Amino acid sequence: MFDQVKAAAAENLKLPRDVVLGEVLVSFVGRTCAIVENYRGILIYDDQTVKLQAKNCKLQFHGKRLHIDYYNHDEMKISGQIQSMEFGD
């Protein structure tokens, strides 16, 4: 219920949903770079898979030579040959 109120307020006030609701935001630069904002933690990290926990879902990146260039408490940059990304529960 509270999330519905926040979503309605964000829409009415024209505020970004990712900021108000803490939704994950993924930006791709071609197939070699992804910027992930509002993640909560790293679940799996190797050269073929990066799996992250977000507020409401999990994200999994698959590819070759994947590596995390940097991360801080709310943003991360994943580089390598990204072949796919999927959402999970």
Side-chain angles (χ1 to χ4, degrees):
M1 168 101 175
F2 185 65
D3 284 339
Q4 292 174 343
V5 171
K6 286 185 354 182
E11 186 172 325
N12 289 333
L13 296 172
K14 306 294 187 228
L15 297 172
R17 290 178 57 89
D18 62 304
V19 174
V20 175
L21 301 175
E23 292 288 338
V24 67
L25 181 63
V26 182
S27 303
F28 286 93
V29 179
R31 295 182 60 167
T32 61
C33 174
I35 307 292
V36 182
E37 298 178 58
N38 299 331
Y39 74 97
R40 294 237 169 129
I42 301 169
L43 301 174
I44 298 173
Y45 175 40
D46 62 37
D47 67 338
Q48 295 180 0
T49 305
V50 178
K51 187 173 185 177
L52 306 174
Q53 177 67 56
K55 180 180 178 182
N56 297 321
C57 65
K58 292 180 174 77
L59 291 89
Q60 191 159 339
F61 294 84
H62 298 281
K64 297 179 183 173
R65 298 181 302 282
L66 297 180
H67 58 280
I68 297 173
D69 288 342
Y70 70 85
Y71 67 95
N72 56 37
H73 68 281
D74 63 357
E75 182 179 284
M76 149 183 319
K77 180 179 179 184
I78 301 169
S79 296
Q81 184 180 355
I82 300 170
Q83 295 174 328
S84 67
M85 190 213 72
E86 60 189 52
F87 290 97
D89 294 329

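Quantities reported herein were computed from a predicted structural model and do not represent experimental measurements. In this chain, residues are counted from 1 in sequence order.
Rounding to the nearest 0.5 angstrom, the gap separating the CG atom in Leu52 from the CD atom in Gln60 is 9.0 Å. Considering NZ of Lys64 and CD of Gln48, their distance stands at 8.5 Å, rounded to 0.5 Å. Here the straight-line distance linking atom NE2 of His62 with atom OG1 of Thr49 works out to 5.5 Å at 0.5 Å rounding. Note that CZ of Arg31 and CD of Gln81 are 6.5 Å apart. Values are rounded to the nearest 0.5 Å. With values rounded to the nearest 0.5 angstrom, Leu66 atom CG is found 8.0 Å from Gln83 atom CD. Between the CD atom in Gln53 and the NZ atom in Lys58 there is a gap of 4.5 Å [rounded to 0.5 Å].
Of all heavy-atom pairs between Met85 and Leu59, the closest is SD-CD2, 3.8 Å. Counting all heavy atoms, side chain and backbone alike, Thr32 lies closest to Ile82 at C-CD1, 4.2 Å.
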Handout entry: Candidate pair Tyr71 and Lys77, rule side-chain contact (heavy atoms from CB on, under 4.5 Å), full reasoning
Key = CA-CA 7 Å; Tyr71 67 95; Lys77 180 179 179 184; over 6 Å; no
### Message
Show, in sequence, the C-alpha distance, side-chain angles and deciding distance for Asn56 and Glu23, and conclude whether the side-chain hydrogen bond (donor to acceptor under 3.5 Å, both in side chains) test is met.
### Response
CA-CA 7 Å; Asn56 297 321; Glu23 292 288 338; 3.2 Å; yes
Residues Tyr70, Glu75; criterion side-chain hydrogen bond (donor to acceptor under 3.5 Å, both in side chains); working and verdict
CA-CA 8 Å; Tyr70 70 85; Glu75 182 179 284; 2.6 Å; yes
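Around atom CG of Asn72, more than 12 heavy atoms belonging to other residues, nucleotides or ligands sit under 6.0 Å away.
Grouping the Ile, Leu, Val, Met, Phe, Trp and Tyr side chains by contacts below 4.5 angstrom, directly or via other members, places Ile42 with Phe87. Cluster membership check: Phe28 shares its hydrophobic cluster with Val24, using side-chain heavy-atom separations under 4.5 Å among Ile, Leu, Val, Met, Phe, Trp and Tyr. Phe61 and Ile44 are assigned to two separate hydrophobic clusters, defined by single-linkage of ILVMFWY side chains at heavy-atom distances under 4.5 Å.
At distances below 3.5 Å, not a single donor-acceptor pair connects side-chain atoms of Asp74 with backbone N or O atoms of Glu37. Counting only distance, with no hydrogens or angles, the side chain of Tyr45 and the backbone of Ile68 share a donor-acceptor pair below 3.5 Å.
Applying the side-chain hydrogen bond (donor to acceptor under 3.5 Å, both in side chains) rule to Asp69 yields the partners His67, Ser79; only residues at least two apart in sequence or on another chain are considered.
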